There are 2 protein chains.
Amino acid sequence: MKPEENGFTREDLKAKLFQGFADPIRIAILELLREREMCVSEMAEAVGCSQPRISNHLACLRWCQFVQTRKEGNQVIYSLHDDRIRKILELADDLLAANAEQVYRCIRI
Amino acid sequence: MKPEENGFTREDLKAKLFQGFADPIRIAILELLREREMCVSEMAEAVGCSQPRISNHLACLRWCQFVQTRKEGNQVIYSLHDDRIRKILELADDLLAANAEQVYRCIRI
DNA sequence: TATCTATATCAGGATGTTATGATAGATCTA
DNA sequence: TAGATCTATCATAACATCCTGATATAGATA
């Protein structure tokens with residue numbers, strides 16, 4: 001646990017990376033983008049929550065380079081940034097296939 | 001986002017799974033166990049924090065089956081539960097190799 | 001049995017994260 | 001240009017997570 005010049009340890013950083021995945025709305029967004037690219041209002045509709053809420057989470061996902069964007073007229077089209085994002089979601093599926101019940105009942109997180 | 005019988009959506013559950021990895025102390029513990037199995041006091045010493053704090057996080061990691069234990073006399077020896085835990089940590093390393101600076105500066109998580 | 005060591009648990013306060021609702025900027029259409 | 005649509009940002013309130021210090025339990029040793 002040796003802090004870097006910025007005061008972050010390697011562990012802080014890795015935890016923060018996972019924190020990016022640790023929200024139901026952000027996961028819902030990533031799962032949608034696993035299927036196909038999509039614009040903001042479409043995601044808001046699909047996830048069933050407000051546009052500002054979606055946009056806030058997208059800002060986080062984009063900043064951390066989990067997703068990327070392109071503009072198309074009025075709209076901003078989001079897609080997964082690269083294959084590692086896909087892989088980490090797959091691995092989470094694997095883990096859940098084995099541990100869903102335990103994770104669900106864990107009272108500490 | 002269809003809730004299961006327990007009121008959890010699949011997304012809730014997956015987010016909660018990632019939440020298990022989203023803490024610096026839990027990451028520090030998992031990184032130690034990546035190298036070799038270890039007892040609680042040894043981890044507390046290595047991570048540099050109190051034994052109750054380590055034990056609390058271990059309880060979470062054990063409950064969610066990220067780690068497993070065996071007793072040896074007085075001591076409880078912890079190790080990684082399976083290879084998927086190892087893989088997800090490796091994948092996080094991969095992602096950080098590309099995104100560390102962005103993640104570090106993200107103000108939303 | 002008495003005592004020591006190792007580990008686990010818990011309540012409360014401190015801290016960090018997320019949602020809400022209002023609003024602003026940008027692009028399109030008429 | 002005016003109005004409509006799409007997206008982004010922000011402050012505050014609501015909520016969840018984590019740490020601290022005290023304490024409990026189990027096994028070991030004498």
Side-chain angles (χ1 to χ4, degrees), chain A residues 1 7-9 11-13 15-29 33 37-64 67-79 103-104 106-109, chain B residues 1 7-9 11-13 15-29 33 37-64 67-79 103-104 106-109:
Chain A
M1 295 255 287
F8 263 53
T9 64
E11 288 79 13
D12 289 336
L13 208 52
K16 195 174 174 187
L17 178 86
F18 280 114
Q19 182 69 30
F21 294 96
D23 178 277
I25 303 296
R26 289 196 293 271
I27 289 291
I29 289 170
L33 298 181
E37 60 176 17
M38 214 175 271
C39 72
V40 179
S41 53
E42 216 178 347
M43 289 189 257
E45 168 70 20
V47 172
C49 74
S50 73
Q51 174 271 315
R53 195 172 162 193
I54 293 283
S55 275
N56 256 316
H57 285 296
L58 282 171
C60 165
L61 292 173
R62 179 165 52 170
W63 180 268
C64 294
V67 302
Q68 59 193 351
T69 61
R70 64 185 172 83
K71 293 208 70 171
E72 199 167 276
N74 239 356
Q75 310 186 118
V76 180
I77 314 283
Y78 282 78
S79 57
V103 172
Y104 158 59
C106 180
I107 56 172
R108 294 171 197 262
I109 52 173
Chain B
M1 295 256 289
F8 263 52
T9 65
E11 288 79 14
D12 289 337
L13 208 51
K16 195 173 174 188
L17 178 85
F18 280 115
Q19 183 70 30
F21 294 96
D23 178 277
I25 302 296
R26 290 196 293 273
I27 290 291
I29 289 169
L33 298 181
E37 60 177 16
M38 216 176 268
C39 73
V40 179
S41 53
E42 215 179 346
M43 289 189 258
E45 168 70 19
V47 172
C49 74
S50 73
Q51 174 271 316
R53 196 172 161 191
I54 293 283
S55 274
N56 256 317
H57 287 296
L58 282 171
C60 166
L61 293 172
R62 177 165 55 172
W63 180 268
C64 292
V67 302
Q68 60 193 352
T69 61
R70 65 187 172 82
K71 293 208 70 169
E72 200 168 274
N74 241 357
Q75 311 187 118
V76 180
I77 315 283
Y78 282 78
S79 55
V103 172
Y104 158 59
C106 181
I107 57 172
R108 295 171 195 263
I109 52 173

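Proteins come first, then strands; the chains are lettered A, B, ... in the order of their sequence lines, and each starts at number 1. The shown structure was predicted, so the numbers you read here are calculated from the model rather than taken from an experiment.
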For [X], report the nucleic acid contact type (base, sugar-phosphate, nothing); a contact means any heavy atom under 4.0 Å.
{"X": "B/I54", "value": "nothing"}
{"X": "B/N56", "value": "base"}
{"X": "B/C39", "value": "sugar-phosphate"}
{"X": "B/S55", "value": "base"}

Could you work out which one of [options] sits closest to the side chain of [X]?
{"X": "B/A59", "options": "C/dA8, C/dA22, C/dT9", "value": "C/dT9"}
{"X": "B/N74", "options": "D/dC18, C/dT7, D/dG27", "value": "D/dG27"}
{"X": "A/R108", "options": "C/dT9, D/dC19, D/dG27", "value": "C/dT9"}

Contact under 4.0 Å: [X] side-chain N or O vs [N] OP1/OP2:
{"X": "B/R53", "N": "D/dT20", "result": "yes"}
{"X": "B/Y78", "N": "C/dA6", "result": "no"}
{"X": "B/S41", "N": "C/dT7", "result": "yes"}

Quick one: are [X] and [Y] in side-chain contact, heavy atoms under 4.5 Å?
{"X": "B/M43", "Y": "B/L58", "value": "yes"}
{"X": "B/I27", "Y": "A/F18", "value": "yes"}
{"X": "B/C49", "Y": "B/I54", "value": "yes"}
{"X": "A/S79", "Y": "A/L33", "value": "no"}
{"X": "B/E42", "Y": "B/Q75", "value": "no"}

Any N/O donor-acceptor pair, A/Q51 side-chain to D/dA8 base, under 3.5 Å: yes
[X] has an atom [atom1]; how far is it from atom [atom2] of [N], in whole Å?
{"X": "B/E42", "N": "C/dA6", "atom1": "CD", "atom2": "P", "value": "11 Å"}
{"X": "B/E72", "N": "C/dA6", "atom1": "CD", "atom2": "C1'", "value": "13 Å"}
{"X": "A/H57", "N": "C/dT20", "atom1": "NE2", "atom2": "C1'", "value": "12 Å"}
{"X": "B/Q75", "N": "C/dC4", "atom1": "CD", "atom2": "C1'", "value": "14 Å"}
{"X": "A/R70", "N": "D/dC6", "atom1": "CZ", "atom2": "C1'", "value": "15 Å"}
{"X": "A/D23", "N": "D/dC15", "atom1": "CG", "atom2": "P", "value": "16 Å"}
{"X": "A/K16", "N": "D/dT17", "atom1": "NZ", "atom2": "P", "value": "19 Å"}
{"X": "A/L61", "N": "C/dT18", "atom1": "CG", "atom2": "P", "value": "11 Å"}

Comparing A/R26 and A/G73 on DNA chain C - which has the more 5′ nearest nucleotide: A/R26
Position toward the 5' end of DNA chain D (nearest nucleotide), B/K71 or B/I107: B/I107
Residue whose nearest DNA chain D nucleotide is more 5′ - A/R62 or B/Q19: A/R62
Atom pair SG (B/C60) and CZ (B/R26), whose distance is rounded to the nearest 0.5 Å: 4.5 Å
